[in-house]
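Data first, discussion second: the structure below is written as structure tokens.
Ligands are counted one by one from 1 in listed order, and the atoms in each one are counted from 1 as well.
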Amino acid sequence: MTVISKDIDLAAKILQANEVIAIPTETVYGLAANIYSEDAIKKIYSLKNRPHSNPLIVHVGSINKAEELVESFPEKAKLLAQRFWPGPLTLILQKSPKVPNWITAHKQYVAIRIPHHQKTQELLQKIAFPLAAPSANPFMRISPTSANHCYNYFNEKIELILDGGACKRGIESTIISFHDSFPTILRLGSISIEEIKSEIGEITVHNNIKDEIIAPGMHNKHYSPNTNLILVDDVSPALIASLKAEKIGVLTFNKLISHQKIIKCLRLTKTLNLKEAAKNLYSFLHQLDNINTDIIIAEKVPLSGIGVTINDRLFRASQK
Ligand code: TXA
Ligand code: MG
């Protein structure tokens, strides 16, 4: 039986026994375990059905703890850490020998972040080890932004889901690598490209939709609902009428449309607010995936700030 609970002591106890639990963060829920337990880490990979070549993010409670796990902390990485931690930023830095190879898929670089969620911060203070935590979804599926989403994926398979409510950001952390001390955005995330630039100046964005895939988990097909999803510039009743499908789910940025074929239409924001749209994105995709439709039609959002990240996720969700 999987328990959904707010009990931090219980969560710490299960982690100390080298078991896997789900934890809340401000971005999405994670499947967490002690980085020093090879057995526990193997369980994460098998629960997620994730290839072993795909490394895990290490979650720590303070910048000091992060520094202990790396060989060097380049100046620009420090600026970013000071500005955005705790928060939805992951830094990939040269690892110290302390970090086990089973976390990094034998790479010499480790991904680290300090999550901004009170429950998980308290949990990290109670335990003596960092937590590896990939998003708590099976490989390729939509990330979870509530305890219930985790329950639907892993009921009976994990002992505990630490309940921290709905995730405030709703989209994964922005990942910046510092290979040879040179910063590159490897995954668009909850912190926009503009926010990063305002801290450290120009930065390369490795757009791995077109470029070679260098973050191993950044496949084009990712974040996918079971239902077929089509991404369009503009959803209109005329477009809906032209489709063969009879039962349609619709996800828009701001407008509501109706048509006899639309089973459900959800709008990401009522106030044209991109942050609200990001917070709702996965939760609404879960909702639309769980009703019985032939197809989901999603509409692109405005291409500024976090809107760039939302469109990136919608694009991946639309890949077959
Ligand atoms: O917001 C987040 O980052 C969430 C929460 C739970 O913290 N975590 C998350 O983890 O999104 P995951 O495993 O679903 O995605 C992490 C991505 C993967 O694409 C992985 O390949 C990449 O980060 N990654 C992790 N360690 C890496 C490394 N050492 N080098 C290159 N890429 C790495
Ligand atoms: Mg993930």
Side-chain angles (χ1 to χ4, degrees), residues 20-33 35 41 44-45 47-60 69-71 84-96 99-117 119-121 123-124 130-146 149-150 153 161-162 164 167-179 184-191 206 208 212-224 278-279 281-282 309 312-313 316-317:
V20 177
I21 65 168
I23 57 164
T25 82
E26 79 282 28
T27 59
V28 300
Y29 276 69
L31 266 189
I35 67 162
I41 300 305
I44 290 183
Y45 278 96
L47 280 163
K48 273 185 71 80
N49 197 16
R50 179 176 180 134
H52 283 269
S53 56
N54 193 347
L56 306 178
I57 298 177
V58 173
H59 296 66
V60 294
L69 299 176
V70 300
E71 282 293 281
F84 295 111
W85 280 354
L89 170 76
T90 295
L91 297 175
I92 298 187
L93 304 170
Q94 204 177 347
K95 84 178 194 69
S96 104
V99 177
N101 283 326
W102 54 72
I103 294 298
T104 63
H106 294 268
K107 290 173 191 304
Q108 289 316 302
Y109 284 78
V110 61
I112 304 185
R113 86 176 189 101
I114 305 180
H116 190 197
H117 191 291
K119 284 226 167 299
T120 293
Q121 289 211 352
L123 177 64
L124 284 164
L131 291 175
S135 52
N137 51 283
F139 188 51
M140 304 284 203
R141 300 294 307 282
I142 309 168
S143 299
T145 54
S146 73
H149 295 155
C150 301
Y153 282 141
I161 297 162
L162 183 61
C167 300
K168 291 214 161 66
R169 297 284 197 145
I171 289 191
E172 294 84 350
S173 60
T174 301
I175 302 184
I176 302 185
S177 86
F178 280 85
H179 281 85
T184 308
I185 297 182
L186 284 195
R187 177 176 73 182
L188 300 175
S190 279
I191 298 175
H206 192 93
N208 45 30
E212 169 205 6
I213 291 171
I214 62 170
M218 295 305 289
H219 306 275
N220 277 1
K221 178 181 153 60
H222 212 138
Y223 313 102
S224 293
K279 181 176 186 227
L281 177 68
Y282 291 149
T309 305
D312 169 83
R313 298 303 194 268
R316 290 171 202 276

Exercise. What do the steps show when you test H149 against Y29 for ring-ring contact (aromatic ring centres under 6.0 Å, His included), and what is the final call?
Worked result: CA-CA 9 Å; H149 295 155; Y29 276 69; 8.3 Å; no
Exercise. Of H179, R187, H106, H117, which has the heavy atom at the shortest distance from atom 15 (O) of ligand 1?
Worked result: R187
Exercise. Does some non-hydrogen atom of R169 fall short of 4.0 Å from ligand 1?
Worked result: no
For this session: Report, in ascending order of atom number, the atoms of ligand 1 lying under 4.0 Å from any heavy atom of R113.
Result: 1 (O), 2 (C), 3 (O), 5 (C), 7 (O)
Seminar exercise, completed: Atoms of ligand 1 under 4.0 Å from any heavy atom of I57, numbered from 1 in the order shown, are 3 (O), 8 (N), 9 (C), 10 (O), 16 (C)
Exercise. Would you say H52's side chain and R50's backbone share a donor-acceptor pair under 3.5 angstrom?
Worked result: no
Exercise. Taking 4.0 angstrom as the limit, do E172 and R113 come out as a salt bridge?
Worked result: no
Problem set entry | Any T104 heavy atom less than 4.0 Å from ligand 1 | no
Exercise. Does the N or O separation between Y109 and ligand 1 drop below 3.5 Å for any pair?
Worked result: yes
Seminar exercise, completed: Heavy-atom proximity to atom 9 (C) of ligand 1, picking from S135, P88, A22, G87, points to S135
Exercise. Are R187 and S173 close enough that a side-chain donor and a side-chain acceptor fall under 3.5 Å?
Worked result: yes
Problem set entry | Any donor-acceptor pair under 3.5 Å from H116 side chain to W85 backbone | no
Exercise. Any N or O of T27 that comes nearer than 3.5 Å to an N or O of ligand 1?
Worked result: yes
Exercise. Does any N or O in the side chain of T174 come within less than 3.5 Å of the main-chain N or O of G189, such that one atom is a donor and the other an acceptor?
Worked result: yes
Problem set entry | Close side-chain approach of C167 and T27, heavy atoms under 4.5 Å | no
Exercise. Can you list the ligand 1 atoms lying under 4.0 Å from a non-hydrogen atom of A111?
Worked result: 25 (C), 26 (N), 27 (C), 29 (N)
Problem set entry | Cation-pi check, R313 onto Y223 ring (under 6.0 Å, within 45° of axis) | yes
Exercise. Which bit of R50 gets closer than 4.0 Å to ligand 1, counting heavy atoms only: side chain, backbone, both or neither?
Worked result: side chain
Exercise. Does even one non-hydrogen atom of H59 get within less than 4.0 Å of ligand 1?
Worked result: yes
Problem set entry | Any side-chain heavy-atom pair of H59 and T120 under 4.5 Å | no
Exercise. Does ligand 1 have a heavy atom under 4.0 Å from the side chain of K107, from its backbone, from both, or from neither?
Worked result: side chain
Exercise. Which ligand 1 atoms are under 4.0 Å away from a heavy-atom of P134?
Worked result: 10 (O), 12 (P), 13 (O)
Problem set entry | Close-contact set for ligand 1 against I175 heavy atoms, below 4.0 Å | 17 (C), 23 (O)
Problem set entry | ligand 1 contact by A133, heavy-atom criterion under 4.0 angstrom | yes
For this session: Could you confirm whether S135 has any N/O/S atom lying under 2.8 Å from the Mg ion (ligand 2)?
Result: yes
Seminar exercise, completed: A student checking ligand 1 against N54 at a 4.0 Å heavy-atom cut-off should list atoms 18 (C), 20 (C), 21 (O)
Exercise. Between L56 and ligand 1, which residue portion shows a heavy-atom distance shorter than 4.0 Å: side chain, backbone, both, or neither?
Worked result: backbone
Problem set entry | Heavy-atom check, side chain of V70 versus side chain of V110, under 4.5 Å | yes
For this session: May I ask you to decide if K279's main-chain N or O and K168's side chain share a donor-acceptor pair within less than 3.5 Å?
Result: no
